Visitor: 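First the structure, then my questions, so here it is.
Computed from a predicted structure; not experimentally measured. Just follow the structure's listing: the first ligand is 1, and inside any ligand the first atom is 1.
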Amino acid sequence: MREQLEEIRRRAMAELADDAGEAQIDAVRVRVLGRSGELTEIMRGMREVPGAERPAIGQLINQIKREVEARIETLSEKLKAAALTKSLNEKRLDVTLPGMRIARGHIHPITDILEKMLQIFESMGFEVAMTQDIEDDFHNFAALNFPPHHPARDMQDTFYLEGGMLLRTHTSNGQIRVMEKRRPPLAVVCPGRCYRRDDLTVRSSPMFTQIEGFMVDKRGRITMAHLKGVLTEFARAFFGTTAVRFRASYFPFTEPSAELDMHCLLCDGAGCPVCKHSGWTEVLGCGMIHPNVMRAVEYDPGEYQGFAFGMGVERTGLLKLGVDDMRLFFENDLRFLSQFPALSAGVR
Ligand code: PHE
C-alpha cells in the first residue's frame with residue numbers, strides 16, 4: 001500500500017511539472033484528489049490495512065494530499081499571473097493618445113440676438129413677458145385700432161385657423177394681453193414668433209421673430225422723449241452707434257408714430273447698395289400708444305399715457321451680423337451657424 005501511495009505521489013508530481021497547462025493540472029486534480037480519485041479509493045481500502053499500520057498510512061495519505069494540493073496551487077497562481085501579464089501586454093492602453101473630440105453646440109444666432117436684446121431692455125428696467133402665438137382678431141387687430149376692413153386682416157396677409165383664430169401677425173398682441181390683465185406702471189418687452197403670408201426670400205419670411213416693448217404710466221410721466229431715450233440707448237448698446245433718426249410714420253395703434261433709422265452699418269452713412277444709397281437703414285417701428293388702444297384695455301386715456309415699439313429680430317440680426325440673406329437663419333446649415341460667437345450671456 002505504501003508503494004502504491006509512493007507511486008501515486010511520484011506520478012502526480014511528475015505530471016505537475018513546471019510547464020503543466022491548465023488541462024493537465026485539472027486532470028491530475030480529478031484523478032488524484034477527486035471524489036472517486038486515487039487517494040479516495042485508497043482511503044476506502046484502509047479497512048484491509050493491519051491496525052498498527054493504519055496511522056502511518058493515514059498520515060502518508062494526508063501528506064500526499066497536501067503536497068499535491070500545494071503544488072496545484074502554486075502552478076495555478078503561476079498560470080494566472082502569466083495570463084494577466086499577457087493580457088496587459090496585448091491590450092495595452094496608450095493613455096497619451098489624444099481623446100475623441102466631442103463637438104460642442106451653441107445657441108442659434110437668432111436666439112442669441114434675441115437674448116442679447118432682452119438683456120439690454122432688462123438692464124433698463126423692462127420685464128419680459130411671453131404671450132401667445134395663436135390669437136383672436138380682437139388682440140391682434142381690433143384692440144390695436146385696426147379698422148374693420150384694414151388690409152392687414154386680409155387672407156392674403158394673415159394665416160387664419162379654423163374657428164376664427166389666427167396666427168399673430170406681430171407681437172403687438174402682447175401689449176393688449178399684458179395691459180388688459182394689469183395696471184400701470186408697466187415697462188414690458190414681449191418677444192415671440194410672428195406669422196405672415198410672405199414668401200421666404202432674402203429679406204422676408206412667413207415666420208419671424210419680433211420684440212414688442214411698451215411703457216405706460218400716469219399721463220405726463222412717459223413722453224416721446226422717453227421713447228427716444230430708450231431706443232437710442234438700445235441702438236448704442238446693441239449696435240454701438242447713436243447715429244439714429246426718428247422718421248414720422250403711421251401705425252393704427254400709435255399716434256404719433258415713427259420709424260427708427262440707423263446709420264447703415266456697412267457704409268456708416270455714406271451710402272451704399274445695401275442702404276439703397278440713402279446712408280440709413282430702418283430698424284423698428286414705434287410711437288405713443290393710441291388712445292383707442294388704451295380704451296380697448298379699459299385704461300382711461302385721460303389718465304394714462306405710454307409708448308410702444310416693435311422690431312424684427314431676424315432683420316436686426318441681418319444688420320448686426322452682416323448677413324445678407326434671411327433664409328440662412330432658417331436653413332440651419334451648421335457651417336453657417338457655427339460662424340457666430342455668442343453675443344449674449346447664454347440661455348435664460
Ligand atoms: N407692430 C408693428 C409691426 O409689426 C411694429 C410696432 C410696434 C410699431 C409697436 C409701433 C409700435 O411692424
Side-chain angles (χ1 to χ4, degrees), residues 114 117-118 121 126 128-129 131-133 135 137-147 150-154 156-159 166-180 186-198 203-216 222-232 234-235 244-262 281-294 296-297 299 301 304-319 326:
L114 180 65
M117 290 173 160
L118 294 177
F121 287 115
F126 286 81
V128 177
T131 53
Q132 60 219 60
D133 295 30
E135 252 320 348
D137 182 275
F138 177 76
H139 292 88
N140 194 78
F141 293 123
L144 289 157
N145 197 35
F146 281 80
H150 192 280
R153 278 202 177 85
D154 205 291
Q156 251 62 57
D157 290 322
T158 302
F159 290 107
L166 51 87
L167 296 180
R168 67 168 163 206
T169 58
H170 51 185
T171 44
S172 299
N173 71 323
Q175 277 185 57
I176 307 303
R177 287 276 166 200
V178 173
M179 287 201 288
E180 71 184 356
L186 290 171
V188 181
V189 278
C190 302
R193 298 247 192 267
C194 308
Y195 310 83
R196 288 183 200 171
R197 282 191 170 247
D198 281 332
R203 305 231 131 238
S204 70
S205 157
M207 182 195 76
F208 54 98
T209 317
Q210 278 191 343
I211 295 183
E212 187 83 4
F214 57 96
M215 197 182 261
V216 186
I222 311 281
T223 68
M224 193 100 184
H226 296 102
L227 168 63
K228 290 180 76 174
V230 164
L231 294 178
T232 306
F234 172 78
V244 294
R245 71 177 182 192
F246 289 81
R247 180 170 40 77
S249 184
Y250 173 78
F251 300 101
F253 35 92
T254 46
E255 180 60 35
S257 303
E259 273 169 276
L260 172 75
D261 293 345
M262 184 180 73
T281 27
E282 185 193 309
V283 180
L284 56 84
C286 59
M288 300 305 289
I289 298 175
H290 197 289
N292 285 348
V293 176
M294 296 290 189
V297 294
Y299 287 7
Y304 294 113
Q305 191 178 354
F307 68 72
F309 60 86
M311 68 178 97
V313 177
E314 287 82 5
R315 281 245 254 106
T316 320
L318 294 181
L319 299 176
M326 170 128 32

Visitor: Just by distance, do the side chain of R168 and the backbone of R193 share a donor-acceptor pair under 3.5 Å?
Guide: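 Yes, R168 side chain to R193 backbone: donor-acceptor pair under 3.5 Å.
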
Visitor: Consider side-chain hydrogen bond (donor to acceptor under 3.5 Å, both in side chains). Of Q175, E180, Q132, which one does H139 pass it with?
Guide: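 Exactly one option meets the side-chain hydrogen bond (donor to acceptor under 3.5 Å, both in side chains) with H139, and it is E180.
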
Visitor: Between F146 and F138, is a ring pair (Phe, Tyr, Trp, His ring centres under 6.0 Å) present by the stated rule, with each step listed?
Guide: CA-CA 9 Å; F146 281 80; F138 177 76; over 10 Å; no

Visitor: For this output row, return yes or no: ring centroids of F159 and Y195 closer than 6.0 angstrom.
Guide: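 For F159 and Y195, the ring centres are not under 6.0 Å apart.
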
Visitor: Report yes if the distance between the aromatic ring centroids of F307 and F214 is under 6.0 Å, otherwise no.
Guide: no

Visitor: So F253 and H170, ring pair (Phe, Tyr, Trp, His ring centres under 6.0 Å) or not? Walk me through it.
Guide: CA-CA 12 Å; F253 35 92; H170 51 185; 5.6 Å; yes

Visitor: For a distance cut-off of 3.5 Å, show me each N or O of ligand 1 paired with any protein N or O, plus the separation.
Guide:
unit_1   : atom_1 : unit_2 : atom_2 : d
ligand 1 : 1 (N)  : H170   : ND1    : 3.1
ligand 1 : 1 (N)  : S172   : OG     : 3.0
ligand 1 : 4 (O)  : R196   : NH2    : 3.0
ligand 1 : 4 (O)  : Q210   : NE2    : 3.0

